[in-house]
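Reading through the structure tokens given below for one structure.
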Amino acid sequence: MIDIDHLRRWIGRSEEQSELVTDSLIGRFNATFDLEGRPRDGDAAPVMIHLCLAPPAAPTSGLGPDGHPARGGFLPPVPLPRRMWAGGAMRFHDDIRVAERVTRRSTIRDVTVKEGRTGVLCFVTVDHRIESAGRLVVEERQDIVYRNADAPGGAKRTPEPAPHGAHRAVVQPTAPLLFRYSALTFNGHRIHYDTPYVREEEGYPGLIVHGPLQATQLVQFAEKISGRRPARFEFRSLSPLFDIADYTLNAVEDGEGLRLWTSYADGPVAMEARATW
């Protein structure tokens, strides 16, 4: 039973974190995504680097069995075992630059409970305002969903295969790629790097590709197609991707922007998104 009135007391709670953008961090980010360039002070940092800056740093002794920080603190103590990045939106105002200090101010906007196909879902909406050297650079809304573990033997849907985009790229979700992104974001969630755990404890067929990793790849894909960083990016996670097969980045022109998605070659849409300029 979820005490929603108790959880909604977290609405309005805020925290602030900051970190200096170093050339070493940008170098590791570029290496993870096979980007070229040797960053120097004053250079524009790659888009989506903000997701790797000033992450929560709970003590190792404060982590739960799944590698996530124990419940409570800034985020409400939702009593459901599975936590995922469900979607969100970003508005890019300016570049983050190497050697600047980035500050993220985060505020809990809403906490709601809904009944989904797999049971009770609790959604927590967090707003982030990100400044670099005092300039507003990114505004972000993050939607986090908590749910129960999948019931063994439950009914499985057969979703429609995703279409092929006019623009398409293949991604190999190797264990080193997933580990490196976990390290960049200081994400201890074991579903991204611990194969025995994810199979034996959570019942998944393989390591799960991070939602923020997919979002970063889609923004980079949109930037490559258009030649410039989007002004706005919105996305929604629909189904998981695992490291058991390659997946694709897809895009089609959509009015003044691009409609984008990730999927297996013959699988359903995993993440859908839209980028506009």
Side-chain angles (χ1 to χ4, degrees), residues 28-35 46-52 55 66-68 81-88 90 118 140 142-147 149-150 156-157 159 161-165 167-224 233-251 259-275:
R28 291 191 291 271
F29 183 94
N30 287 347
T32 299
F33 290 100
D34 293 319
L35 302 176
V47 67
M48 301 294 275
I49 190 66
H50 72 278
L51 296 179
C52 306
D66 62 355
H68 263 317
R82 300 288 189 262
R83 172 180 150 185
M84 303 169 123
W85 215 43
M90 301 170 196
T118 58
E140 178 184 2
Q142 187 178 92
D143 302 323
I144 303 166
V145 62
Y146 297 80
R147 62 178 181 82
D150 293 330
K156 301 292 184 181
R157 295 186 302 170
H164 289 191
H167 305 275
R168 200 160 188 257
V170 177
V171 178
Q172 185 179 17
T174 63
L177 171 64
L178 303 189
F179 170 80
R180 281 182 160 199
Y181 193 75
S182 287
L184 277 173
T185 54
F186 205 62
N187 182 354
H189 200 181
R190 293 169 67 181
I191 62 173
H192 302 303
Y193 61 85
D194 188 339
T195 299
Y197 170 83
V198 78
R199 288 181 175 167
E200 296 165 15
E201 297 296 325
E202 302 220 6
Y204 293 118
L207 299 176
I208 296 178
V209 181
H210 315 63
L213 172 58
Q214 293 179 61
T216 296
Q217 291 173 325
L218 288 176
V219 171
Q220 292 173 342
F221 196 44
E223 185 178 43
K224 182 178 180 180
F233 178 75
E234 301 174 84
F235 71 95
R236 185 165 66 112
S237 295
L238 300 177
S239 63
L241 289 174
F242 306 100
D243 70 338
I244 57 176
D246 293 352
Y247 62 91
T248 61
L249 310 176
N250 299 268
R259 184 167 59 86
L260 305 113
W261 64 95
T262 60
S263 72
Y264 290 124
D266 57 352
V269 172
M271 177 178 286
E272 62 180 9
R274 190 165 190 269

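None of these values were measured; they are calculated from a predicted model.
Within the 4.5 Å cutoff, the side chain of F33 has heavy atoms near those of the Q220 side chain. Contact check for R190 versus V198: no side-chain heavy atoms found under the 4.5 Å cut-off. Residues Y264 and F242 have side chains in contact (heavy-atom distance under 4.5 Å, counting atoms from C-beta outward). The shortest side-chain heavy-atom distance between L238 and M271 does not fall under the 4.5 Å cut-off. Side-chain contact between R147 and M84 is present, with at least one heavy-atom pair separated by less than 4.5 Å. Between T216 and F29 the shortest side-chain heavy-atom distance falls below 4.5 Å. E202 has its side chain within reach of Y197: a pair of non-hydrogen atoms, C-beta onward, lies under 4.5 Å apart. L241 has its side chain out of reach of I208: every pair of non-hydrogen atoms, C-beta onward, lies at least 4.5 Å apart.
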Between Y181 and L177, is the side-chain contact (heavy atoms from CB on, under 4.5 Å) condition met? List the steps. CA-CA 6 Å; Y181 193 75; L177 171 64; 5.5 Å; no
Do W85 and F235 pass the ring-ring contact (aromatic ring centres under 6.0 Å, His included) test, and can you show the C-alpha distance, the side-chain angles, and the key distance before you say yes or no? CA-CA 10 Å; W85 215 43; F235 71 95; 4.8 Å; yes
side-chain contact (heavy atoms from CB on, under 4.5 Å) between R180 and R28, worked out: CA-CA 9 Å; R180 281 182 160 199; R28 291 191 291 271; over 6 Å; no
Could you walk me through whether L184 and T32 satisfy the side-chain contact (heavy atoms from CB on, under 4.5 Å) test, starting with their C-alpha distance in whole Å, then the side-chain angles of each, then the deciding distance to 0.1 Å, before giving a yes or no? CA-CA 9 Å; L184 277 173; T32 299; 3.5 Å; yes
For side-chain contact (heavy atoms from CB on, under 4.5 Å), just list the numbers for D66 and E201, CA-CA rounded to whole Å, side-chain angles, deciding distance to a tenth of an Å, and then say yes or no. CA-CA 9 Å; D66 62 355; E201 297 296 325; over 6 Å; no
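The CZ atom of R259 sits 9.5 Å away from the CG atom of N250 when rounded to the nearest 0.5 Å. We find the CE-NE2 distance between M90 and H50 to be 4.5 Å, quoted to the nearest 0.5 Å. Atoms CD and CG, from Q142 and L51 in turn, are 8.0 Å apart once rounded to the nearest 0.5 Å.
Between T185 and P55 the shortest heavy-atom distance is O-CB, 3.3 Å. Residues A251 and L260 come closest through the heavy atom pair CB-CD2, 3.7 Å. A245 and P173 get closest at one heavy-atom pair: O-CG, 3.3 Å. Residues D266 and P161 approach most closely at O-CB, 3.9 Å, considering heavy atoms.
A salt bridge links E272 with R236: the closest approach of a Lys/Arg side-chain nitrogen to an acidic carboxylate oxygen falls below 4.0 angstrom.
The aromatic rings of F179 and Y193 sit perpendicular, their planes meeting at an angle over 60°, well past the 30° parallel limit.
Side chain of S239 to main chain of V269: a donor-acceptor pair is present (N/O by atom type, distance under 3.5 Å, no hydrogens or angles). Here the side chain of W261 pairs no donor or acceptor atom with the backbone of G165 at under 3.5 angstrom. Within the 3.5 Å criterion, the main-chain N or O of V170 finds no donor-acceptor partner in the side chain of T248. Between the D243 side chain and the L207 main chain, a donor and an acceptor come within less than 3.5 Å of each other.
A donor and an acceptor atom, one from each side chain of H210 and S182, are located under 3.5 Å apart.
The side-chain contact (heavy atoms from CB on, under 4.5 Å) test with L249 is passed by exactly one of Q214, Q217, H167: Q217.
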